[in-house]
Every structure is written in structure tokens, then in C-alpha cells.
Peer 1: 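This is the structure I want to talk about, given as C-alpha cells.
All values below come from the heavy atoms of this structure, side chains included, with hydrogens, waters and symmetry mates left out.
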Amino acid sequence: MKVVLDTNCFISCIGKRSPFRNVFDEFLKENYTLCLSTEILFEYEEIFLIKWGNEVTENLLSRLVRAKNIELSTVYFSFNMIYNDADDNKFADLYLSSNADFIVSNDTKLLALNKSDFPEFKVIKLQEFSELLAKLNGL
């Protein structure tokens, strides 16, 4: 299963006490592939630095880029599917270019992509993805 993970959702699943911690744990167990682009990695880095500082950011990013279950894609075309927040287009474009199964996001602008007839999108909330992973792993 290939997934594009919105930055806020990624942050929400990292904490040990997070109700969505299984999302991060299942990534560490290599139970799904995380699709990334350079642009999304830069955004992760920017937000991680603000929230956790240099050391934690370096550790997280190092873990990400060395993981066997990441797919680093180059996005060659921007579909500009999100008009009211152009910065979120990087997630939609990566979803299309990497042929991912889901975008995981709680952002209403990204969730609205589900209404697109062409290209088709499958955007699910973090809670739904967490529950899906739990079901797949018999939890």
C-alpha cells in the first residue's frame, strides 16, 4: 500500500501517546510505503524544526530517507487541483505521480479532492487510515 501523508497527520502520529501512533509504528515495521517528494521533505523539515528542534528533526529525516519503504518521486507536472491553498498541491501532485493508494489528510481542501471525477483521488482521514492499519494487522 502506497501512501502520501500530509504533514499535520505525520506530526500527529509520531508522539508515543498519540491515538494514531500505530500509523508511525506500522511505517517503522515497513507495513506500507510512504511516498515522498523533495518538496514534501522540505516541508516536513520546516515543521519538524519548529516543533522539535534540530536533533529530533535530523533523527526523523535520517530515518525517513534511509527507510526501505519510502518511494521518492520527482513530480514533473502540477495539476493545480487545489485553488484556495496552492501549497497543498504538492500532496495531490505526488499522489498522482507516484500512483499512491491514498492521501492521508484531515485538511478539508485535500479531502475535497474526493469529489474530482478526473483525475480520481482517494483521500482519507488519519483516523480512517489508523483503523485500516489496525484491521490489516488484526488489532
Peer 1: Consider only side-chain heavy atoms of I, L, V, M, F, W and Y, link residues closer than 4.5 Å, and tell whether V65 and L5 are in one cluster.
Peer 2: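 As far as the 4.5 Å side-chain criterion goes, L5 and V65 are connected within one cluster.
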
Peer 1: Taking only distance into account, with no hydrogens and no angle test, what donor-acceptor pairs under 3.5 Å do side-chain atoms of residues 12-19 form with protein atoms, sequence neighbours excluded?
Peer 2:
| unit_1 | atom_1 | unit_2 | atom_2 | d |
| --- | --- | --- | --- | --- |
| S12 | OG | N8 | O | 2.9 |
| S18 | OG | S12 | O | 2.5 |
| S18 | OG | F20 | N | 3.0 |

Peer 1: Is there any ring pair (Phe, Tyr, Trp, His ring centres under 6.0 Å) pair reaching into residues 66-89, and which pairs are they, with sequence neighbours excluded?
Peer 2: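 Listed once each, the pairs are F77-F79.
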
Peer 1: Might you work through the side-chain contact (heavy atoms from CB on, under 4.5 Å) test for V3 and T33, ending with a clear yes or no?
Peer 2: CA-CA 6 Å; V3 176; T33 299; over 6 Å; no

Peer 1: Determine whether D6 and N106 make a side-chain contact, defined as any pair of heavy atoms from C-beta on separated by less than 4.5 Å.
Peer 2: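 No, every pair of side-chain atoms sits at 4.5 Å or beyond.
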
Peer 1: Output the distance between atom CG (D93) and atom CG (D88), rounded to the nearest 0.5 Å.
Peer 2: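 Between D93 CG and D88 CG, I get 11.0 Å after rounding to 0.5 Å.
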
Peer 1: Would you call E26 and K29 a salt bridge, using N to O less than 4.0 angstrom?
Peer 2: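 Salt bridge: yes.
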
Peer 1: Are any of the side-chain heavy atoms of L61 and L41 separated by less than 4.5 Å?
Peer 2: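 Contact flag for L61/L41 side chains = yes.
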
Peer 1: More than 12 non-hydrogen atoms from neighbouring residues, nucleotides or ligands closer than 6.0 Å to NZ on K109, yes or no?
Peer 2: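 Yes, the 6.0 Å shell around NZ holds more than 12 heavy atoms from other groups.
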
Peer 1: Heavy atoms only: give me the nearest S105-V123 pair and the separation to one decimal.
Peer 2: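 Between these two residues, the closest heavy atoms are CB-CG1, 4.3 Å.
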
Peer 1: Are M1 and N31 side-chain neighbours, meaning at least one heavy-atom pair lies under 4.5 Å?
Peer 2: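 A side-chain contact is absent here, since even the closest heavy-atom pair is not under 4.5 Å.
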
Peer 1: Hey, does K122 have a side-chain heavy atom less than 4.5 Å from the side chain of D101?
Peer 2: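 Heavy-atom side-chain distance check fails, nothing below 4.5 Å.
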
Peer 1: For the hydrophobic clusters of this structure (ILVMFWY residues joined by side-chain heavy atoms under 4.5 Å, transitively), does one cluster hold both L64 and L72?
Peer 2: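 Result: yes, single cluster for both.
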
Peer 1: Give the cluster check for V56 versus F42: same hydrophobic cluster or not, with ILVMFWY residues linked at side-chain heavy-atom distances below 4.5 Å.
Peer 2: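 Different clusters: V56 never reaches F42 through Ile, Leu, Val, Met, Phe, Trp or Tyr contacts under 4.5 Å.
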
Peer 1: Can you list the residues that meet the ring-ring contact (aromatic ring centres under 6.0 Å, His included) rule with Y44, with sequence neighbours excluded?
Peer 2: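 Y44: ring-ring contact (aromatic ring centres under 6.0 Å, His included) contacts with F10, F48.
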
Peer 1: A quick test of your reading: do over 12 heavy atoms of other residues, nucleotides or ligands sit less than 6.0 Å from CD of Q127?
Peer 2: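 No - once you tally the heavy atoms of other residues, nucleotides and ligands closer than 6.0 Å, there are 12 at most.
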
Peer 1: Is any side-chain heavy atom of E39 closer than 4.5 Å to one of V75?
Peer 2: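 In short, these two side chains do not touch, never coming nearer than 4.5 Å.
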
Peer 1: Does any part of the side chain of T57, heavy atoms only, come nearer than 4.5 Å to the side chain of E45, both counted from C-beta?
Peer 2: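 Yes, their side chains come closer than 4.5 Å.
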
Peer 1: Could you grab the distance from atom CG of D85 to atom CG of D107, nearest 0.5 Å is fine?
Peer 2: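 Answer rounded to 0.5 Å: 6.5 Å.
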
Peer 1: Is it the case that the side chains of S78 and N80 hold a donor-acceptor pair, with the cut-off being a distance below 3.5 Å and no angle test?
Peer 2: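 Their side chains do contain a donor-acceptor pair, which is all the 3.5 Å distance test asks for.
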
Peer 1: Does any non-hydrogen side-chain atom of L96 lie less than 4.5 Å from one of L94?
Peer 2: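 Contact flag for L94/L96 side chains = no.
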
Peer 1: Partners of D117 by side chain to side chain contact (heavy atoms under 4.5 Å, CB included), sequence neighbours excluded?
Peer 2: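 None.
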
Peer 1: In Å, rounded to the nearest 0.5 Å, how long is the span from CZ of F24 to CD1 of I11?
Peer 2: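 F24 CZ to I11 CD1: 12.0 Å, rounded to 0.5 Å.
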
Peer 1: Would you check, one step at a time, whether the test side-chain contact (heavy atoms from CB on, under 4.5 Å) holds for L34 with L36?
Peer 2: CA-CA 6 Å; L34 180 62; L36 295 170; 4.1 Å; yes

Peer 1: What is the distance from atom CG of L113 to atom CE of M81, rounded to the nearest 0.5 Å?
Peer 2: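 Reported to 0.5 Å precision, the distance equals 6.0 Å.
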
Peer 1: How many angstroms lie between CZ in F91 and OG in S37, if you round to the nearest 0.5 Å?
Peer 2: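 Answer rounded to 0.5 Å: 8.0 Å.
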
Peer 1: Would L136 end up clustered with Y32 when hydrophobic side chains under 4.5 Å apart are linked, directly or stepwise?
Peer 2: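 Cluster IDs for L136 and Y32 match.
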
Peer 1: Using the rule given for side-chain contact (heavy atoms from CB on, under 4.5 Å), can you reason through I82 versus L110, listing the C-alpha separation, both sets of side-chain angles and the distance that settles it, and then say yes or no?
Peer 2: CA-CA 8 Å; I82 303 170; L110 285 167; 3.4 Å; yes

Peer 1: Mind jotting down which residue pairs meet the side chain to side chain donor-acceptor pair (under 3.5 Å) criterion with at least one end in residues 62-75? Sequence neighbours excluded, please.
Peer 2: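 Applying side chain to side chain donor-acceptor pair (under 3.5 Å) to every pair that reaches into residues 62-75, excluding sequence neighbours, yields K2-E71, S62-R66.
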
Peer 1: Considering only residues two or more places apart or on different chains, which pairs with a residue in residues 102-123 satisfy ring pair (Phe, Tyr, Trp, His ring centres under 6.0 Å)?
Peer 2: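 Only Y95-F121 qualify under ring pair (Phe, Tyr, Trp, His ring centres under 6.0 Å).
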
Peer 1: Rounded to the nearest 0.5 Å, what separates atom CD in E43 from atom OG1 in T38?
Peer 2: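 Between atom CD of E43 and atom OG1 of T38 there are 13.0 Å.
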
Peer 1: Quick check against the 3.5 Å criterion: does N137 have a side-chain atom that pairs as donor or acceptor with the backbone of L133?
Peer 2: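 Such a contact is found between N137 side chain and L133 backbone.
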
